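Below is one structure; the comments refer to it alone.
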Amino acid sequence: GESRYEDAFHMYKRLLHLQKVLIGEMAPSTLAVINRLALLLRDMNRLAEAEDLCVHSLEDCTKVLGQDHPTTQQCVEIVAFIRHSLGQSEEAEDMFRLALACNERILGENHPTTLRTVVKIGILLNDQKLYQESEIFHRRALIGFEQCLGEENPETIDEVQYLGELMLKAENIPEAEKLLRRALSMRRNIYPGSFHPKIMDSAHCLAVLIHKQTKWKHDPLLSKRKKETELLYTEALNGRDSQLGIESEASIESASCLA
């Protein structure tokens, strides 16, 4: 919890002090530590401090390392994350697109790092309820991950899940069901015999989709769908209770769906 964040914060502060003394304030490894410290501050919800630290770090990275250096690009994305957390969605999108253009130019359109930036833009657009635009980015990321990482890679499966959830929001039920079943099946394969949180998330999301279909009164599969919905919600609830605790938001969500 909070104590772990505080411990990490003090560790990074000590490390940063040593880096500055022994290597110099503008050394690439020092700037990389500043980036990690800014990301930690964001996770601690100390957003103003995180933004101030990272904006100054970005200026230094650009000056010392150049705009195209990986540490500079990491800093660009951290600034984007922080501004998204501050509710500055347009500014965050501009920063992510800047990072994407640089990654495409240097690494290529289908490099895993480039595709991860594509995913981040897709998530940002989804958060802005720009679902059609988000879909374009998630489809690109999925195709790219399948080609460069393989269909059974966890990042590829995460994209299958993202796209399935997006299709559910768009009420494209047939494609959503196909994608969500694929994600659940593959997560069960790579995390066998466990209450892995991602398995539980997939089970819950698929249950939500199937529950929507139980409202189709003349569906010949109505009885089967109701039974599957209950089984999936129960699986999600048991796993979330076990891993997260009965008072976690995720457990309460699954329990309320079963009620």
Side-chain angles (χ1 to χ4, degrees), residues 93 109-110 112 115-192 194-240 249-259:
E93 184 180 342
E109 292 188 356
N110 281 333
L115 295 170
R116 290 177 190 119
T117 305
V118 171
V119 172
K120 291 165 188 171
I121 295 174
I123 293 171
L124 179 67
L125 291 168
N126 179 61
D127 289 346
Q128 294 174 263
K129 295 182 170 54
L130 299 172
Y131 300 131
Q132 290 184 325
E133 293 90 335
S134 178
E135 179 185 346
I136 292 169
F137 281 87
H138 280 303
R139 287 194 186 279
R140 173 184 167 184
L142 177 56
I143 292 169
F145 280 142
E146 286 175 336
Q147 291 174 350
C148 70
L149 300 178
E151 292 189 358
E152 296 184 359
N153 183 276
E155 286 186 85
T156 305
I157 299 169
D158 286 347
E159 266 312 286
V160 174
Q161 180 73 25
Y162 278 135
L163 192 54
E165 291 177 14
L166 197 57
M167 292 298 96
L168 179 57
K169 288 179 180 176
E171 295 292 329
N172 185 343
I173 300 301
E175 186 171 11
E177 181 171 1
K178 179 181 176 182
L179 289 162
L180 293 174
R181 286 190 184 280
R182 176 184 168 191
L184 177 58
S185 174
M186 296 178 82
R187 282 176 168 175
R188 282 173 171 162
N189 286 338
I190 63 173
Y191 308 115
S194 71
F195 283 137
H196 194 281
K198 289 190 175 181
I199 296 177
M200 300 306 103
D201 289 345
S202 287
H204 180 90
C205 194
L206 181 58
V208 169
L209 179 143
I210 297 170
H211 179 68
K212 280 179 173 285
Q213 294 171 309
T214 62
K215 297 177 182 179
W216 301 346
K217 301 302 182 184
H218 302 294
D219 184 355
L221 299 175
L222 181 60
S223 176
K224 180 181 177 182
R225 292 189 194 282
K226 285 184 175 180
K227 183 176 181 180
E228 186 178 14
T229 298
E230 183 177 349
L231 289 173
L232 287 166
Y233 275 139
T234 301
E235 177 185 1
L237 177 61
N238 289 339
R240 287 171 165 181
E249 288 186 15
S251 291
I252 293 170
E253 179 186 32
S254 292
S256 65
C257 291
L258 264 175

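Just so we're clear, the structure is a prediction, and the values are computed from it rather than from any experiment. Residues take their numbers from the sequence shown, with the count starting at 1.
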Salt-bridge present (E228, K224; N to O < 4.0 Å): no
Pairing residues for V119 by the side-chain contact (heavy atoms from CB on, under 4.5 Å) criterion, not counting sequence neighbours: I123, H138, A141, F145, E159, Y162
Side chain to side chain, N126 and K169, heavy atoms closer than 4.5 Å: yes
Closest non-hydrogen atom pair, V160 against L179: CG1-O, 3.2 Å
Between CG on residue N153 and CD on residue E151, distance to nearest 0.5 Å: 11.0 Å
Show me the side-chain donor-acceptor pairs of residues 127-135 shorter than 3.5 Å, one per line, residues at least two apart or across chains.
unit_1: D127; atom_1: OD2; unit_2: H84; atom_2: NE2; d: 3.0
unit_1: S134; atom_1: OG; unit_2: G122; atom_2: O; d: 2.7
unit_1: E135; atom_1: OE2; unit_2: R139; atom_2: NE; d: 2.7
unit_1: E135; atom_1: OE2; unit_2: R139; atom_2: NH2; d: 3.0

Neighbour count above 12 (heavy atom, 6.0 Å) for E177 CD: yes
Nearest-0.5 Å distance, CZ of residue R187 to CD1 of residue I199: 8.5 Å
The single option from V208, L163, L206 passing side chain to side chain contact (heavy atoms under 4.5 Å, CB included) against L168: V208
Test item: E152 and N189 side chains (from C-beta on) under 4.5 Å apart, heavy atoms: no
Minimum side-chain heavy-atom gap C257-H211 below 4.5 Å: no
Value rounded to 0.5 Å, distance of CE in M200 from CG in L184: 8.0 Å
Atom of A183, atom of I157 and distance for their closest heavy-atom approach: O-CG2, 3.9 Å
Salt bridge (charged side-chain N to carboxylate O under 4.0 Å, His left out), paired with R240, selected from E235, E253, E249: E253
Spacing of NE2 belonging to H204 relative to CG belonging to L209, to within rounding of 0.5 Å: 11.5 Å
Rounded distance [0.5 Å steps], OG1 in T156 versus CD in E146: 6.5 Å
Rounded distance [0.5 Å steps], CG in L232 versus CG in L237: 12.5 Å
With sequence neighbours excluded, residues passing side-chain contact (heavy atoms from CB on, under 4.5 Å) with E109: E104, R140
Student check: side-chain heavy atoms of D201 and E165 closer than 4.5 Å: no
CA sep, side-chain torsions, deciding dist, call: E155, R116, side chain to side chain contact (heavy atoms under 4.5 Å, CB included): CA-CA 9 Å; E155 286 186 85; R116 290 177 190 119; 2.7 Å; yes
Note, L180 side chain near Q161 side chain (heavy atom, < 4.5 Å): yes
Any side-chain heavy-atom pair of I136 and L125 under 4.5 Å: no
Main-chain N/O of K198 paired to S202 side chain as donor or acceptor, under 3.5 Å: yes
